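Single-structure report; data block below.
Being a predicted model, the structure only gives us computed values, none of them experimental. A, B, ... follow the sequence lines: proteins, then strands. Residue 1 opens every chain.
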Amino acid sequence: MALKNISILLGASIPLAKIELLSAAVNDKHFAPQFFNSDEFMMVSNMVDLIIPRSDTPGALDALVNNYIDMMLSEWASSDTQKKYHLGVAKLNNAVKKEFSLNFNDCDRQQQINFLTSIDNYSDTNTDKNIQFFHDFKWFVISGYYTSKEGASMELNYDPMPGIYRGCLPYTKADKAWSA
Amino acid sequence: MSTDFDAIVVGSGISGGWAIKELTERGLKVLLVERGPNTTHGQDYIGEGKAPWELPYHGSIPEDVLNQEYAIQQQCYALDDATKQFFVNDRKHPYITKKDKPFSWIRGYQLGGRSLLWYRQSYRWSEMDFKSNKQDGHGVDWPIRYKDIAPWYDHVEKFAGISGSKEGLEQLPDGQFLPPMEMNCVEIEVKKQIEQQFPDRTMIIGRCAHLTEPTKEHLELGRGQCQSRDQCERGCSFGAYFSTLSATLPAARRTNNLTILTDSIAHSIVYDEGTNKATGVRIINAKTNVRSQVNARIIFLCASTLGSTQIMLNSKSERFPNGIANSSGYLGLNLMDHIFESGANAEYPGFKDKYFKGRRPNGIYIPRYHNVTSKDNRFLRGFGFQGGGKRPSWKRAKTLKGIGLDLKEQLRHPGPWTFSLGGFGEMLPDERNRVWLDNKLKDKWGIPILNIECKLRENELEMLKVMAEDAKEMLEASGMKNVKTYNNSAPPGLAIHEMGTARMGHDPTTSVLNKYNQAHDIPNLFVTDGSCMSSSACQNPSLTYMALTARAAANAVEMLQEGRL
Ligand SMILES: Cc1cc2nc3c(=O)[nH]c(=O)nc-3n(C[C@H](O)[C@H](O)[C@H](O)COP(=O)(O)OP(=O)(O)OC[C@H]3O[C@@H](n4cnc5c(N)ncnc54)[C@H](O)[C@@H]3O)c2cc1C
């Protein structure tokens, strides 16, 4: 897929994260995070974008999953969960600093991808809190995205009124999955 | 308000819905007493048809609310932000259990009760089920047999609309079915394999209370065809699944014989020793706390198993110091549920070029096969399996590695087919499993709250083990990969098939109700919800509550007309 190559190419040379975030900010410039401070929110937005990027369909940042996560944490989450997320983001950033001597937001895109991919590859049974936190965060992004209008009805198929159930229809790789 | 009714029905769930329908259609003036608020079909289905992004928090309940208000109800899969108004708030409706003996009491207090929330699986019991107590000596003999209830199954199935396939199985009799729902390709394959390799087993499509093809009778009530949205618990304004609101309530209303009191908690039954009759119901207004009394010639208790039992235990008089109609002392004893959360899941390697359309609100069923034609020495009675095949979508990402475009591309397509089988097993009646009123703690209306003590014992634990083994064996034999068993032994109550605490029986010294759901002690008092059950069988019980209620109502009216009550 063409897009994929471009983003890898760009990612290797330019710190693309900030550029893309600018466009997200244009999408919703009135959004002021309630839960995260602006550095944290930038980091969260970067991770949201890296986990589910834009392709021929909107990515998680286009679906404002960063805003969704901030809203969920400020309104929906218990204080335990809130603590976990403040701490989790901070610790993750510390781990990045250890590796690259840079804050997550100052790393280039490839460094960010390498870092997140290496954490993601560890199994959940690993006792490192960073790993568990990232797996939780990744799931937050995925569930936020695929229940958003963009993820559920543009990236995947959403059928509000299917009618009679059919259990055995032909399927090809060109067909998309049902989001629900 | 006039206190002059022929009948009072307490509770408007599945049982109470049938009671008001059958009694009003036979000409009785009926007062329905419901503790929960009024609900209006359609209008109060606030989450209906909404996409996840249209719901607050994409449908998930804020964590503090969940933990503080729904500490118990959150164990139920059907609770979310779009359905929570149909579940009780646990903080307002406490009960007591011992730490080591949890019981999950899942409830809905509103007009319609849990008929709005149920999963709608509907199976007949068979002769074997009504004979089991007598045969192995657990519990008391059922005072009825299959032939007594069969015509009433016919009656309720036609009206409710049960979709299913005719199979000719002795242990799971056929009924008056609407067309069955479709199996998907994996289910068809698994069925073939299981039936070839295990000649005593059958796999069928689930039988469920959905209109796959509405009849004239259904259409006249404003009901329509199922649209496979599988959001039934939010309410369905098509009336495509059976609930009090979609079916029995409109039928009762059109007789003009029905009066409804909502927000009205039945506190206790009024007993008149002179005539040995139940003469009325004491009521507390749930909002204002105002107390009142309503009277009638006959009373039907349909407040759900533990609801009705609580009302009876709280109805004390000189003659019945331990609860009305409780001369036997059996009121509150022999609580049962179904045992579940044991089974297996697996992946199916084939049919990669096949997919489905729609969210079928139903699965498959493997009827009981243990102790049917030959005896199994490991345990008494048996279990059935529910389950089905599907191709999971993005939710499988929980166990997928990777981020970025690769991950997105992978999730754009459905995962491999998976198949699950989960057992539902019979629990033996046992007097040690019981409920009683607390002598100190009361709810906010001053009603003594229930203590519940219920535990799985040897027979149940053995059965749970075999469920997981059998599920594994069948999935492996069907060519599945990655077969994983589980046996979580859910707390009793969580199958939401609680029953048995005012059992039917021949003998007034060992049972509360007779073969017409009539209290042995008091001829004009009827109890027709799950509390009447003498055993639990392993099938989902609500269809049987419907049939027993309709039968009891017809009989009560006959006795009333003949001057026998
Ligand atoms: C999520 C879920 C899935 C289920 N799936 C299935 C299934 O697939 N198949 C199946 O057969 N069963 C299923 N059940 C169980 C089924 O819902 C119950 O068996 C059925 O609703 C019982 O009917 P009922 O009328 O006895 O009680 P309910 O439906 O609970 O109704 C009782 C009514 O009485 C009212 N009440 C209680 N106390 C009082 C009082 N003191 N005064 C006045 N009113 C009172 C309540 O508010 C309520 O409206 C399921 C239940 C749930 C929650």
Report task. Please state whether the side chain, the backbone, both or neither of A:Tyr146 comes within less than 4.5 Å of a heavy atom of chain B. Result -> both
**Report entry** Aromatic contact, B:Tyr123 with B:Tyr365 (centres under 6.0 Å)
**Finding:** yes
Report task. Side chain from CB out, backbone as N, CA, C, O: work out which of these in A:Asp175 comes under 4.5 Å of a heavy atom of chain B, or both, or neither. Result -> backbone
Requested in this report: May I ask you to decide if B:Ile61's main-chain N or O and A:Trp76's side chain share a donor-acceptor pair within less than 3.5 Å?
Outcome: yes
Report summary line: On a heavy-atom basis, the closest approach of A:His135 and A:Asp120 is NE2-O, 3.1 Å
Query raised in the report: Between the side chains of B:Ser478 and B:Gln193, is a donor N or O closer than 3.5 angstrom to an acceptor N or O?
Result: no
Query raised in the report: Quick one: what part of B:Lys390 sits under 4.5 Å from any heavy atom of chain A, side chain, backbone, both or neither?
Result: neither
**Report entry** CA sep, side-chain torsions, deciding dist, call: B:Lys354, B:Glu189, salt bridge (charged side-chain N to carboxylate O under 4.0 Å, His left out)
**Finding:** CA-CA 13 Å; B:Lys354 295 285 187 296; B:Glu189 174 63 19; over 6 Å; no
Query raised in the report: Checking heavy atoms, do the side chain of B:Met183, its backbone, both or neither come under 4.5 Å from chain A?
Result: backbone
Requested in this report: Scan side-chain atoms only and decide if A:Asp39 and A:Asn105 contain a donor-acceptor pair under the 3.5 Å cut-off.
Outcome: no
Query raised in the report: So, A:Gln132 and A:Asp136: side-chain donor and acceptor under 3.5 Å apart, yes or no?
Result: no
Query - Most contacts with chain A, counted as non-hydrogen pairs under 4.5 angstrom, among B:Asp353, B:Ile188, B:Asp64, B:Leu66 - result: B:Asp353
Query raised in the report: Side chains of B:Phe419 and B:Met474: closer than 4.5 Å at any heavy-atom pair?
Result: no
Query raised in the report: Which residue out of B:Gly49, B:Gly389, B:Gly404, B:Gly358 racks up the most heavy-atom pairs below 4.5 Å with chain A?
Result: B:Gly404
Query - Which atoms of A:Lys176 approach chain B - backbone, side chain, both or neither, heavy atom under 4.5 Å - result: both
Query - Plane angle bin for B:Tyr348 and B:Phe351 - parallel if under 30°, tilted between 30 and 60°, otherwise perpendicular - result: parallel
Query raised in the report: Are side-chain heavy atoms of B:Gln121 and B:Asn362 found at a separation under 4.5 Å?
Result: yes
Query raised in the report: chain A: which of B:His413, B:Gln225, B:Lys50, B:Glu54 shares the most heavy-atom pairs with it under 4.5 Å?
Result: B:His413
Report summary line: Okay, A:Thr172 and chain B: the region with an atom under 4.5 Å from a heavy atom over there is neither
Query raised in the report: Relative to chain B, which segment of A:Met161 carries a heavy atom at a distance below 4.5 Å: side chain, backbone, both, or neither?
Result: both
Query raised in the report: Is chain A contacted by the side chain of B:Leu400, its backbone, both, or neither, given a heavy-atom distance below 4.5 Å?
Result: backbone
**Report entry** Donor-acceptor contact below 3.5 Å, side chain B:Arg234 vs main chain B:Gly47
**Finding:** yes
Report summary line: Counting heavy-atom pairs under 4.5 angstrom with chain A, the leader among B:Ser228, B:Ser393, B:Cys226 is B:Ser228
Requested in this report: Among A:Asn121, A:Val141, A:Ile52, A:Thr117, single out the residue with the greatest number of heavy-atom pairs under 4.5 Å to chain B.
Outcome: A:Asn121
Query raised in the report: Quick one: do the A:Thr81 and B:Glu63 side chains pair a donor with an acceptor below 3.5 Å?
Result: yes
Report task. Can you tell which part of A:Leu156 gets under 4.5 Å to a heavy atom of chain B, answering side chain, backbone, both or neither? Result -> side chain
Query raised in the report: Hey, does the Lys NZ or Arg CZ of B:Arg229 hover above the aromatic six-ring of B:Phe238, less than 6.0 Å from the centre and inside 45° of the axis?
Result: no
Report task. Could you check if a side-chain atom of B:Tyr241 sits within less than 4.5 angstrom of a side-chain atom of B:Pro361, using non-hydrogen atoms only? Result -> no
Query - Members of residues 84-102 of chain A whose heavy atoms come closer than 4.5 Å to chain B - result: none
Report summary line: With chain B, the option among A:Tyr165, A:Trp178, A:Tyr158 that has the most non-hydrogen atom pairs under 4.5 Å is A:Tyr165
Query - Structural part of A:Trp139 lying under 4.5 Å from a heavy atom of chain B - result: side chain
Query raised in the report: What part of B:Ser60 is in contact with chain A, defined as an atom under 4.5 angstrom from a non-hydrogen atom: side chain, backbone, both or neither?
Result: both
